[in-house]
Peer 1: 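This is the structure I have questions about; it appears just below.
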Amino acid sequence: MSALRLLSSAARRTPSVFRQQQRGYAEAAGKISLSLVLPHQSIFTSTDVVQVNVSAATGDMGILANHVPSIEPIRPGVVEVIDSGNVSKKWFVSGGFANVHPGNKLTINVVEAAPLESFAPEAVRTNLHEALKVAAGNGSEEEKMEARIEADVYEALQHALGSK
């Protein structure tokens with residue numbers, strides 16, 4: 001039996017009490033419990049916030065209370081956290097995953113993150129130029145690919161600094 005047929009067969013046999021749940025709309029009035037973690041530190045640990053905006057692989061998305069549970073890959077970009085006082089904190093992340101859990105919980109796992117204001121636009125511009133030079137140069141394919149990934153991150157960072 002194929003996996004899809006097995007799942008649909010199991011869904012038909014699910015008690016009606018589970019099937020009656022309906023998905024509502026996310027709401028800005030509620031709170032979401034955020035954990036933003038790196039391998040070596042936790043930036044937020046079960047902190048109540050109003051909204052979190054992430055650069056998901058499928059596009060930018062805002063996460064509010066009662067958001068549909070999901071797992072989203074995050075591309076290099078900004079994670080913006082808005083607290084109940086409408087204060088926005090922005091972190092640049094190199095990539096990772098956002099897990100929206102039932103019960104208004106959000107876990108964001110990233111390898112690297114830094115406050116957006118800690119980056120100097122001139123340094124980003126210089127490093128981007130160097131990475132593009134290596135990517136277009138005569139080095140090995142591995143060096144070119146690494147430089148292209150580095151350039152992608154610097155381009156995302158440059159864009160984030162431009163829209164600060």
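Below, all heavy atoms of this structure are taken into account, side chains as well, without hydrogens, waters or symmetry copies. What you see is a predicted model; the values in this text were computed from it and never measured.
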Peer 1: Do Leu157 and Leu116 come close enough that some side-chain heavy atom pair is under 4.5 Å?
Peer 2: yes
Peer 1: Side chains of Leu132 and Tyr154, heavy atoms from C-beta outward: is any pair under 4.5 Å?
Peer 2: no
Peer 1: Does a side-chain N-to-carboxylate-O contact under 4.0 Å join Glu155 and Arg148?
Peer 2: yes
Peer 1: Is it the case that atom CD in Glu112 sees more than 12 heavy atoms from other parts of the structure closer than 6.0 Å?
Peer 2: no
Peer 1: Side-chain contact, heavy-atom cut-off 4.5 Å: Asp48 with Ile32?
Peer 2: no
Peer 1: Is Phe97 isolated, or which residues cluster with it under the ILVMFWY side-chain rule of less than 4.5 Å, directly or via members?
Peer 2: Ile71
Peer 1: Just wondering, do Leu36 and Val110 contact through their side chains at under 4.5 Å, heavy atoms?
Peer 2: yes
Peer 1: Enumerate, atom names and distances included, each donor-acceptor pair closer than 3.5 Å involving a side-chain atom of residues 57-64, sequence neighbours excluded.
Peer 2:
unit_1, atom_1, unit_2, atom_2, d
Asp60, OD1, Arg75, NH1, 3.3
Asp60, OD1, Arg75, NH2, 3.0

Peer 1: Between the side chain of Asn104 and the main-chain N/O of Asn66, is any donor-acceptor distance below 3.5 Å?
Peer 2: yes
Peer 1: Below 4.5 Å, heavy atoms only, C-beta onward: do Ile82 and Asn53 meet side chain to side chain?
Peer 2: yes
Peer 1: Would you say Lys89 has more than 12 foreign heavy atoms packed within less than 6.0 Å of its NZ?
Peer 2: no
Peer 1: Quick check against the 3.5 Å criterion: does Gln41 have a side-chain atom that pairs as donor or acceptor with the backbone of Leu38?
Peer 2: no
Peer 1: If hydrophobic clusters are built from ILVMFWY residues whose side chains come within less than 4.5 Å, do Ile43 and Val54 share one?
Peer 2: yes
